[in-house]
Amino acid sequence: MRKFILLTFFFTSTFTFGQRLNQKFFTEFYSVPISDSVSNIFYFYKIPANNLIFIKKLASYFAGLQIAIELRDSNSNFIQREFKERFITYDDFNLTVSPDQFIEGVIEFALENRTSIFVTSRIVDNNSQKEIFTKDETILQNQTKDLGFLSPIILDDKFILCGADTSKILSNYGGFVPYSNNYYEILIPSIDDTSEKIFVKIISIRDTIFNGIVNKSGVTRMGFIECNDRIVLHNESNSVLTSNYYISDVTAKLKEGPFEILVSNQDDFLIKKSFKSVVRWFDK
């Protein structure tokens with residue numbers, strides 16, 4: 001009898017731990033300058049719907065969530081708080097329990113530039129009033145003075161119709177690149193609008209999978225909005241102008257693990273900027 005109890009406890013604990021490992025919450029902060037002293041901060045979130053409690057009313061299923069973001073300086077002094085409430089309705093019960101159904105969105109706010117900001121983000125389920133996600137992280141700002149490059153953005157290779165416009169979709173995996181056969185597009189924005197081309201190297205583990213010139217494909221005022229339950233690139237009226245450089249047909253060559261993007265205005269890369277990220281196999 002004692003052996004049976006111990007085995008039951010072991011398998012129950014393993015199942016619970018496995019469930020926690022598979023909670024695919026993705027969040028990311030992205031900063032775009034407005035001026036030398038202020039930036040637009042975009043908070044991207046991607047939440048698995050099956051982590052929410054749905055209530056059935058008539059033929060539909062209803063859920064909701066609350067997102068709270070609290071910002072502090074390096075001395076732990078309170079700066080500001082952002083809050084958003086989101087409501088979800090599904091007509092198909094299978095969507096409420098599907099591991100492949102996500103709720104995506106973006107919260108935008110302006111913030112004075114500082115060297116670093118300490119952030120706590122929390123997500124609470126409306127129907128249970130339980131916290132389902134919390135994360136502490138640091139936002140680094142004032143990084144654009146170094147060659148003027150903003151952090152690369154990972155985009156889907158598909159477009160969606162957003163109003164009358166065809167828009168590019170943010171992949172929205174918390175800055176990671178999914179390990180898959182799908183192609184993702186890498187966008188490298190720069191606040192330097194004097195150059196028509198940049199030089200880029202992409203190194204996966206120890207292999208250089210891309211080394212070449214990338215030509216400018218346009219100038220925009222970068223921002224992001226929600227459209228058709230996805231996050232898309234949007235022309236933000238108060239952001240600075242950015243030159244946009246797109247790299248396609250490369251991500252499928254990336255190996256699982258860390259990779260590095262080197263960008264420069266010179267072909268010798270003596271002066272360069274480095275961005276590091278990771279390819280993750282989420283369904284492994």
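The figures here come from the full heavy-atom set of this structure, side chains too, leaving out hydrogens, waters and symmetry mates.
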Between [X] and [Y], is there a donor-acceptor pair closer than 3.5 Å when you use the side chain of the first and the backbone of the second?
X	Y	answer
Ser264	Phe199	no
Asn172	Tyr45	yes
Asp92	Asn94	yes
Glu226	Val106	yes
Thr251	Tyr184	yes
Ser277	Gly175	yes
Ser35	Val38	yes
Thr242	Thr220	yes
Ser243	Val219	no

Please answer: with hydrophobic residues joined when any side-chain heavy atoms are less than 4.5 Å apart, are [X] and [Y] in the same cluster?
X	Y	result
Phe87	Leu58	no
Leu111	Phe78	no
Phe109	Phe118	no
Ile169	Ile186	no
Val278	Ile202	yes

Determine whether [X] and [Y] make a side-chain contact, defined as any pair of heavy atoms from C-beta on separated by less than 4.5 Å.
X	Y	answer
Ile67	Phe83	no
Ser190	Ile198	no
Glu185	Asp157	no
Asn265	Ile271	no
Leu241	Ile191	no

- Dump the intermediate steps for side chain to side chain contact (heavy atoms under 4.5 Å, CB included) on Ile47 and Ile123, then the final yes or no. CA-CA 9 Å; Ile47 302 166; Ile123 301 175; 3.5 Å; yes

Do [X] and [Y] have side-chain atoms, one donor and one acceptor, less than 3.5 Å apart?
X	Y	value
Ser128	Asp125	yes
Asn40	Ser239	yes
Thr194	Asp192	yes

- side chain to side chain contact (heavy atoms under 4.5 Å, CB included) with Leu187: which of Leu150, Ile154, Leu170, Leu233?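 That would be Leu233.
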
- Which of these passes side chain to side chain contact (heavy atoms under 4.5 Å, CB included) with Ile69: Lys84, Glu82, Gln80?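 The single option meeting the side chain to side chain contact (heavy atoms under 4.5 Å, CB included) with Ile69 is Glu82.
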
Once you round to the nearest 0.5 Å, how far does [atom1] of [X] lie from [atom2] of [Y]?
X	Y	atom1	atom2	value
Ser195	Lys216	OG	NZ	7.5 Å
Leu262	Phe210	CG	CZ	12.0 Å
Ile261	Lys273	CD1	NZ	12.5 Å
Thr208	Ile203	OG1	CD1	4.5 Å
Asn127	Lys130	CG	NZ	12.0 Å
Leu95	Asn50	CG	CG	11.0 Å

Closest approach of [X] and [Y], non-hydrogen atoms and distance?
X	Y	answer
Tyr179	Leu254	CE1-O, 3.8 Å
Val240	Ile34	CG1-O, 3.4 Å
Arg86	Glu104	NH1-O, 2.7 Å
Ser171	Arg230	O-NH2, 4.4 Å
Ser39	Ser31	CB-OG, 3.5 Å
Ser151	Phe275	CA-CE2, 3.7 Å

- Mind running side chain to side chain contact (heavy atoms under 4.5 Å, CB included) on Tyr43 and Ser121 for me, showing each step along the way? CA-CA 10 Å; Tyr43 174 72; Ser121 54; 3.5 Å; yes

- Query: For Glu108, which residues count as a side chain to side chain donor-acceptor pair (under 3.5 Å) partner, sequence neighbours excluded?
  - Reply: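 Testing Glu108 for side chain to side chain donor-acceptor pair (under 3.5 Å), a comparison that skips the adjacent residues, returns none.
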
- Verdict with supporting geometry, Tyr245 and Ile247, side chain to side chain contact (heavy atoms under 4.5 Å, CB included): CA-CA 7 Å; Tyr245 302 87; Ile247 305 173; 6.0 Å; no

- Item | Note: Arg280-Glu256 ion pair, threshold 4.0 Å (strictly below) |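 Result for this pair is no, no salt bridge flagged.
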
- Task: State plainly whether the residues Asp156 and Lys168 are in salt-bridge range, i.e. N to O under 4.0 Å.
- Result: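 No, no charged N to carboxylate O under 4.0 Å.
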
- Item | Face-on cation placement of Lys135 at Phe25 ring, 6.0 Å and 45° thresholds |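 No, Lys135 and Phe25 do not form such a contact.
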
- Kindly indicate whether a cation-pi arrangement holds for Lys56 with Phe93, taking the cut-offs as under 6.0 Å to the six-membered ring centre and within 45° of the axis.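 No, Lys56 and Phe93 do not form such a contact.
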
- Message: Does Leu161 have more than 12 heavy atoms from other residues, nucleotides or ligands lying within 6.0 Å of its CG?
- Response: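 Buried by this count: over 12 neighbours within 6.0 Å.
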
- Message: Tell me if the CG atom of Asp229 is crowded by more than 12 foreign heavy atoms within 6.0 Å.
- Response: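 Incorrect, the count does not exceed 12.
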
- Message: Set out, in order, the CA-CA distance, both residues' side-chain angles and the distance that settles side chain to side chain contact (heavy atoms under 4.5 Å, CB included) for Val124 and Ile132, then state yes or no.
- Response: CA-CA 6 Å; Val124 174; Ile132 58 173; over 6 Å; no

- Which class fits the ring pair Phe224 and Phe44: parallel under 30°, tilted 30 to 60°, perpendicular over 60°?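 Taking Phe44 first and then Phe224, their aromatic rings stand perpendicular (interplane angle over 60°).
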
Can the ring centroids of [X] and [Y] be said to lie less than 6.0 angstrom from one another?
X	Y	result
Phe26	Phe282	yes
Tyr90	Phe54	yes
Phe42	Tyr30	no

- Query: If you look only at pairs with a residue in residues 62-73, which of them pass as a side-chain hydrogen bond (donor to acceptor under 3.5 Å, both in side chains), with sequence neighbours excluded?
  - Reply: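 Listed by first then second residue: Gln66-Asn126, Glu70-Arg81, Arg72-Thr120, Asp73-Asn77.
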
